[in-house]
There are 2 protein chains.
Amino acid sequence: MKKTDIKYTNQRIEILDFLKEFDGHPTVDDVFEGVRQKLTRISKATVYNNLRFLSEKGLIKEVNVKGVSRFESNMIPHHHTMCLECGEMKDYESEELCEYAMKIAAEIDDFKIESADTNFYGICKKCMEKE
Amino acid sequence: MKKTDIKYTNQRIEILDFLKEFDGHPTVDDVFEGVRQKLTRISKATVYNNLRFLSEKGLIKEVNVKGVSRFESNMIPHHHTMCLECGEMKDYESEELCEYAMKIAAEIDDFKIESADTNFYGICKKCMEKE
DNA sequence: GTACATGCAAACGCTTTGCTGGGCG
DNA sequence: CGCCCAGCAAAGCGTTTGCATGTAC
């Protein structure tokens with residue numbers, strides 16, 4: 001399953017471009033609305049199918065938040081902070097923590113680790129100021 | 001929102017008992033089928049509503065896996081291993097990792113950490129043997 | 001011409017909601 | 001009597017699928 005196997009259709013290119021420029025973790029609807037600016041006739045099913053396709057190919061990453069799929073194109077191992085108030089989700093990169101988690105995971109019996117990620121739950125700046 | 005505010009109806013008690021005895025991370029359907037053994041007339045909506053209620057009260061924990069809710073009554077901070085082949089999910093307790101993650105999180109700017117959890121993705125023993 | 005993508009609509013599965021009746025203070 | 005909870009069915013919402021058409025090699 002090499003990268004060269006991938007057919008880069010217009011729809012897929014626009015989806016990838018949109019994800020690259022989007023600041024955050026868009027839902028399927030976000031992607032759909034965004035891509036529709038350029039490809040006015042694209043259907044939501046195509047967005048769904050291609051988001052799944054691209055994440056299976058390892059070009060993007062799917063993150064599930066409370067039962068809803070979100071996507072990101074940042075493929076560097078990293079973590080996420082989630083605001084318990086407003087639901088905002090942000091990247092947080094800590095190489096140390098990635099390595100520490102992988103080291104610990106390597107010691108788990110009967111389990112071959114492939115990846116690890118950590119989610120931080122708390123209150124974001126905006127919501128702190130609101131209170 | 002004290003624990004004493006909670007009305008322990010028969011349905012809630014049975015759901016809590018079921019979760020305590022269940023070895024794993026049951027879905028809503030698992031809970032429904034389990035509890036129905038004793039309360040034959042319970043409805044799935046009651047199971048949904050009470051699982052949400054109990055997790056809001058902090059008596060159980062909800063974990064979302066691929067868009068589906070699962071529940072656990074183990075409230076001690078811990079992590080999860082997930083098998084990429086069969087989807088099996090297991091608890092993994094590492095106090096060191098919990099503390100390390102919290103320590104790192106405390107340093108994130110503009111974010112007041114409350115909790116952190118780590119998911120390990122890989123291949124479980126059963127699936128390794130299958131190959 | 002074959003294989004695979006698209007667009008559209010319908011179907012699907014998990015979850016929530018509205019309503020009515022019941023239980024307990 | 002008032003309040004909350006249970007049961008039931010229907011609605012809601014995110015997602016997947018079937019099918020006919022289109023497009024690239």
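Here is how names work: the chains are called A, B, and so on, in the same order as the sequence lines, proteins then strands, and each is numbered from 1.
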Measure from the side chain of V28(A), starting at C-beta and using heavy atoms only, and say which of dA6(D), dT15(D), dT15(C) lies closest. dT15(D)
For G67(A), is there any backbone N or O sitting under 3.5 Å from a side-chain donor or acceptor partner on N64(A)? yes
Whether F18(A) and F22(A) hold their rings parallel, tilted or perpendicular, with breakpoints at 30° and 60°: tilted
Assign each of A45(A) and D29(A) the nucleotide of DNA chain D bearing its closest heavy atom; nearer the 5' end lies the nucleotide of D29(A)
When the ring planes of H25(A) and H80(A) are compared, do they come out parallel, tilted or perpendicular, using 30° and 60° as the limits? perpendicular
Name the nucleic acid region contacted by T27(B), choosing base, sugar-phosphate or nothing; use a 4.0 angstrom heavy-atom cut-off, strictly under. nothing
Just N and O in the side chain of N49(B): are any of them under 4.0 Å from OP1 or OP2 of dG7(D)? no
Do any side-chain nitrogens or oxygens of Y48(B) fall under 4.0 Å of OP1 or OP2 in dT15(C)? yes
Among dC8(D), dA5(C), dA6(D), find the nucleotide with the atom closest to the side chain of Q11(B). dA6(D)
Are K61(B) and D117(B) close enough for a salt bridge, meaning some N to O gap below 4.0 Å? yes
Has R41(B) got a side-chain N or O lying under 4.0 Å from the OP1 or OP2 atom of dA6(D)? no
Can you tell me if S43(B) touches the phosphate of dC8(D), counting only side-chain N or O atoms and a distance under 4.0 Å to OP1 or OP2? no
Check this one for me: any side-chain N or O of T9(A) less than 4.0 Å away from OP1 or OP2 of dT6(C)? yes
Ignoring backbone atoms, test whether R52(B) places a side-chain nitrogen or oxygen under 4.0 Å from the OP1 or OP2 oxygen of dT15(C). no
Residue-phosphate contact under 4.0 Å: N50(A) side-chain N/O, dA5(C) OP1/OP2: no
